[in-house]
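Here's the structure, in structure tokens; my notes come after.
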Amino acid sequence: MSERLRRALVDAEIESYAARHTTPTSKSLQAVATSTIAWSEHPGYMIDATEAQLLRLLVAISGARRILEVGTFSGYSALAMAEALPADGHIDTLELSREHVSKATEHIARAGESERITIHEGLALDSLARLQGPYDMAFIDADKSAYPAYYEAVLSLMRHGGLIVADNVLRRGRVLDGDSRDPSVAGMREFNDRVVSDPRVEAVMLTVRDGVTLIRVRG
């Protein structure tokens, strides 16, 4: 992959312009972002404000009431989606790391969303096998090498017409490198190829941040 392409995918001026022309996130969510940055050695695991607003709008537009999230981290993305949930809505979010669960629990409680967001600690595929659908919307943002397995498990829990949102589908452009030995790149390439050829869904890949694919489950 050329250096020119790598720069184009992460152009700081374009990202900054997009952020300035996106409705700002709430002060509550901004506080979670600040806390996450101060706490974590890997703040990049957290989606940025532009993507948080995208998720929030997708919940609002779709009218989703039951949401499934694979990958909680600090709770930022779950809280972004919760802001657009109706009063009777609920989010089930899955997280392997006990440290992440602890911090997310703190953030969720501080935001007053403990009743509407449930964290399931453990291996995501194990949790997915125990959960019961149907879900209206799902957000996948966890181990990239496992995306193909997550996709099949999540798809089985979605209602017809439901929406799956997958993050980091471009892997900073490395998905173009067919010779990459990185498991996360190989997993993402397999996931991307599977989704676009799957007759059960229709999809569009957006070049937002590191790539976001919207997948609608056909009726």
Side-chain angles (χ1 to χ4, degrees), residues 15 18-19 22-40 42-62 64-86 89-97 99-121 124 127-128 131 135-144 146-147 150-151 154 157-158 162-171 188 191 206 208-215:
E15 288 193 355
T22 298
T23 301
T25 54
S26 66
K27 290 184 178 180
S28 175
L29 207 57
Q30 291 170 24
V32 174
T34 299
S35 173
T36 300
I37 292 169
W39 157 74
S40 177
H42 304 284
Y45 290 171
M46 177 177 61
I47 63 172
D48 69 357
T50 302
E51 191 173 350
Q53 185 65 359
L54 173 63
L55 286 178
R56 185 181 181 281
L57 285 177
L58 288 172
V59 175
I61 292 167
S62 68
R65 281 180 162 77
R66 292 196 72 204
I67 298 176
L68 174 60
E69 178 180 55
V70 183
T72 312
F73 189 43
S74 70
Y76 180 79
S77 51
L79 287 167
M81 293 186 286
E83 290 187 347
L85 273 180
H90 191 83
I91 298 174
D92 286 302
T93 181
L94 319 181
E95 178 56 56
L96 175 62
S97 166
E99 180 185 8
H100 295 175
V101 169
S102 177
K103 180 56 67 172
T105 299
E106 174 189 323
H107 287 157
I108 290 167
R110 190 177 301 163
E113 293 288 6
S114 297
E115 294 298 317
R116 298 202 303 165
I117 301 177
T118 300
I119 303 175
H120 301 265
E121 183 179 348
S127 296
L128 288 167
L131 291 170
Y135 287 92
D136 304 306
M137 179 173 163
F139 180 49
I140 303 176
D141 185 17
D143 176 16
K144 312 311 172 189
Y147 264 42
Y150 292 154
Y151 171 65
V154 168
L157 295 172
M158 300 300 295
L163 176 66
I164 301 172
V165 183
D167 197 20
N168 302 117
V169 296
L170 292 177
R171 299 303 292 151
M188 193 60 72
F191 167 78
L206 307 176
V208 174
R209 205 186 187 201
D210 190 30
V212 176
T213 296
L214 306 185
I215 306 162

Worksheet entry | Approximate separation, where rounding is to 0.5 Å, of Thr22 OG1 and Gln53 CD | 7.0 Å
Worksheet item: Got a donor-acceptor contact below 3.5 angstrom from the Ser62 side chain to the Val59 backbone?
Response: yes
Worksheet item: Testing Arg110, Gln30, Glu106, His107 for side chain to side chain donor-acceptor pair (under 3.5 Å) with Ser35, which one passes?
Response: His107
Please list every donor-acceptor pair under 3.5 Å in which a side-chain atom of residues 136-143 meets a protein atom from a residue at least two apart or in another chain.
unit_1, atom_1, unit_2, atom_2, d
Asp136, OD1, Arg159, NE, 2.8
Asp136, OD2, Arg65, N, 2.9
Asp136, OD2, Arg66, N, 2.9
Asp141, OD1, Lys144, NZ, 2.8
Asp143, OD1, Ser145, N, 3.2
Asp143, OD1, Ser145, OG, 2.9
Asp143, OD2, Ser145, OG, 3.1

Worksheet item: Taking C-beta and beyond as the side chain, do Val70 and Tyr151 meet within less than 4.5 Å on heavy atoms?
Response: no
Practice prompt. Describe, in one word, how the ring planes of Tyr45 and His42 are oriented to each other, choosing from parallel (under 30°), tilted (30 to 60°) and perpendicular (over 60°).
Written response: parallel
Item to complete: I would like to know whether Tyr147 and Val154 meet side chain to side chain contact (heavy atoms under 4.5 Å, CB included); could you show each step before the answer?
Response: CA-CA 10 Å; Tyr147 264 42; Val154 168; over 6 Å; no
Worksheet item: Rounded to the nearest 0.5 Å, how far does CD of Glu69 lie from CG of Leu55?
Response: 8.0 Å
Item to complete: Side-chain contact test, heavy atoms from C-beta onward, threshold under 4.5 Å: evaluate it for Arg116 versus Ile91 and give yes or no.
Response: no
Worksheet item: Which distance, rounded to the nearest 0.5 Å, do you find between the CD1 of Ile117 and the OG1 of Thr93?
Response: 8.0 Å
Worksheet item: Is there a side-chain contact between Arg171 and Asp210 (heavy atoms, below 4.5 Å)?
Response: yes
Fill in: From Glu113 atom CD to Leu85 atom CG, the distance as rounded to the nearest 0.5 Å
7.5 Å
Response to the item:
Nearest heavy-atom approach of Asn168 to Met188 is O-CE, 3.2 Å
Fill in: Contacts of Leu131 that satisfy side-chain contact (heavy atoms from CB on, under 4.5 Å) - sequence neighbours left out
Leu68, Asp92, Leu94, His120, Tyr135, Leu157
Item to complete: Please report the shortest heavy-atom distance between Pro43 and Phe73, naming the atom on each side.
Response: O-CE2, 4.5 Å
Practice prompt. Taking the side chain as every heavy atom from C-beta outward, state whether Val101 and Thr72 have any pair of such atoms under 4.5 Å apart.
Written response: no
Worksheet entry | Over all atoms of both residues, closest heavy-atom pair of Ile119 and Glu95 | CG2-CB, 4.4 Å
Discussion item. Nearest 0.5 Å, please: how far is OG in Ser77 from CG in Leu54?
Written reply: 12.0 Å
Practice prompt. Enter the distance from Glu51:CD to Leu58:CG here, rounded to the nearest 0.5 Å.
Written response: 10.0 Å
Worksheet item: Does the side chain of Thr118 pick up a donor-acceptor pair with the side chain of His90 at under 3.5 Å?
Response: yes
Item to complete: Just jot down the side-chain contact (heavy atoms from CB on, under 4.5 Å) partners of Leu29, sequence neighbours excluded, or say none.
Response: Thr25, Ser26, Ala52, Tyr76, Leu79, Ala80, Glu83
Worksheet item: Of the non-hydrogen atoms in Ala104 and Gly75, which two are nearest, and what is the gap between them?
Response: CB-N, 3.7 Å
Item to complete: Heavy atoms only: give me the nearest Ala60-Ala84 pair and the separation to one decimal.
Response: N-CB, 3.9 Å
